[in-house]
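Residue numbers begin at 1 in each chain, while the letters A, B, ... track the order of the sequences.
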Protein chains: 2
Amino acid sequence: MGKKHKDGKKQKSKKKDQTEYTVADLSPALTQAARSMRTVLSRNLLDSGLYAGQDGVILSLAEADGMTAGGLAQKLGVKAPTMTRTIGRMEAQGFLERKADADDARLTKVYLTELGRGSVKAIEMGSAACDALATQAFTEKEIRNLVRLLKAIDANLQAEAVPLDEPDEN
Amino acid sequence: MGKKHKDGKKQKSKKKDQTEYTVADLSPALTQAARSMRTVLSRNLLDSGLYAGQDGVILSLAEADGMTAGGLAQKLGVKAPTMTRTIGRMEAQGFLERKADADDARLTKVYLTELGRGSVKAIEMGSAACDALATQAFTEKEIRNLVRLLKAIDANLQAEAVPLDEPDEN
DNA sequence: GAGCGCCTCTTAAAATGTTTAATTAAAAGA
DNA sequence: TCTTTTAATTAAACATTTTAAGAGGCGCTC
């Protein structure tokens with residue numbers, strides 16, 4: 001950018017030397033960090049012919065091949081039609097294939113193809129490169145704590161966002 | 001066959017009591033946490049008639065009214081046409097208005113309307129509620145460290161993502 | 001075993017968000 | 001004056017997501 005940043009452009013609420021973050025800084029910081037990571041991840045994924053959002057499907061299947069479409073949707077936090085569309089696109093790209101379940105014909109099970117299985121390593125490498133880049137100069141302890149807190153945030157929010165079993169009558 | 005090593009030689013994701021997270025767990029955890037937060041934030045924002053992504057514009061203008069369209073785009077990490085579109089939608093909704101700069105007619109400066117100014121508090125409250133929900137049972141120190149690390153991640157990724165001055169031919 | 005309800009997935013329609021490329025307008029400089 | 005650069009917008013294209021509605025199959029009850 002051609003602009004010059006002045007040093008003391010604004011000191012809204014933080015000490016100039018301490019950076020006293022509060023809980024109010026969390027959502028913007030999390031949003032921004034996730035956006036930056038998605039940008040870098042997308043760039044890495046493009047080399048495999050994948051779009052952002054598809055890598056989660058591949059990795060989930062690499063861990064448990066033959067998941068149902070609904071299971072994938074739930075695991076990745078999207079609605080069923082979204083997953084149908086994503087799966088359809090990825091099937092057209094040759095990364096995976098659908099097979100009807102033998103026992104229950106309502107279920108659509110999703111399996112990785114050879115191409116899909118071959119892309120797992122590329123995805124993991126791209127993801128690892130992104131993670132390494134993001135955590136430059138972090139200690140292992142910081143990384144462990146960071147992941148732990150992120151997972152706790154997710155659990156806290158999902159507990160509120162999805163009141164799963166609201167037992168009315170049992 | 002599709003499964004990975006089943007006996008825990010690395011216990012990367014199978015152990016639940018130890019939670020030995022590694023750097024490889026970062027991007028999925030960050031992605032998931034940001035998705036959950038966006039979901040909750042969107043729900044809170046809908047009460048104000050705002051969509052996700054618009055709150056950043058309001059808050060930026062609340063801090064510095066009269067920013068240019070380009071400045072908003074840069075601050076929020078989107079391209080100029082995206083910001084033009086977002087501003088246009090929000091202007092139609094009555095949250096802000098555009099005015100040409102008096103000195104430089106190329107610049108479009110953006111100002112909050114009364115409606116926009118009135119929504120600032122609602123946004124901040126919704127954001128604060130989301131943050132509080134997300135950080136249940138967190139200590140203040142954990143929160144400070146978390147925000148600090150998230151900002152560091154963003155800085156690390158942006159430093160790589162935007163190789164600003166790239167003198168290609170000289 | 002026929003009908004009814006429920007579950008799973010898919011299709012359809014609509015809205016948002018994003019990008020690149022091209023266009024318009026205005027300032028800056030030679 | 002003429003050329004170049006800058007800022008914003010428009011246009012075209014595509015990805016992602018959602019809700020609502022439809023199609024098909026399973027299980028249970030009578």
Just checking T68(A): base, sugar-phosphate only, or nothing, at a heavy-atom cut-off of under 4.0 Å?
sugar-phosphate
Expressed as a whole number of angstroms, how long is the span from [X]:[atom1] to [N]:[atom2]?
X	N	atom1	atom2	result
R38(A)	dT17(D)	CZ	C1'	13 Å
Q54(B)	dT16(C)	CD	C1'	10 Å
L72(A)	dT8(C)	CG	C1'	13 Å
L107(A)	dC6(C)	CG	P	18 Å
I87(B)	dA7(D)	CD1	P	15 Å
L41(A)	dA15(D)	CG	P	19 Å
M67(A)	dT8(C)	CE	P	13 Å

Do [X] and [Y] share a hydrophobic cluster (ILVMFWY, side-chain heavy atoms under 4.5 Å, transitive)?
X	Y	value
L157(B)	V23(B)	yes
V110(A)	L76(A)	yes
L115(A)	I87(A)	yes

side-chain contact (heavy atoms from CB on, under 4.5 Å), that's the test. Do T86(B) and L72(B) meet it? Break it down for me.
CA-CA 11 Å; T86(B) 299; L72(B) 283 168; over 6 Å; no
Evaluate the side-chain proximity of L146(A) to L26(B): yes if any heavy-atom separation is below 4.5 Å, no if none is.
yes
Hey, can you pull the residues of residues 89-99 of chain B with a non-hydrogen atom under 4.0 angstrom from DNA chain C?
R89(B)
Residues 88-98 of chain A side chain polar contacts: donor-acceptor under 3.5 Å, at least two apart:
from	atom 1	to	atom 2	distance (Å)
E91(A)	OE1	R98(A)	NE	3.0
E91(A)	OE1	R98(A)	NH2	3.1
E91(A)	OE2	R98(A)	N	3.2
Q93(A)	OE1	Q54(A)	NE2	3.3
Q93(A)	NE2	G49(A)	O	3.1

Would you confirm whether D25(A), through its side chain, and T22(A), through its main-chain N or O, come within 3.5 Å as a donor-acceptor pair?
yes
Closest heavy-atom pair, D65(A) versus Y111(A), reported as atoms and distance to 0.1 Å, is OD1-CA, 3.3 Å
Hey, what do you get for CE (M83(B)) to CE (M67(B)), rounding to the nearest 0.5 Å?
8.5 Å
Where along nucleotides 18-26 of chain D does protein come under 4.0 Å, by heavy atom, of base (B) or sugar-phosphate alone (S), with - for untouched nucleotides?
BBB---BBS
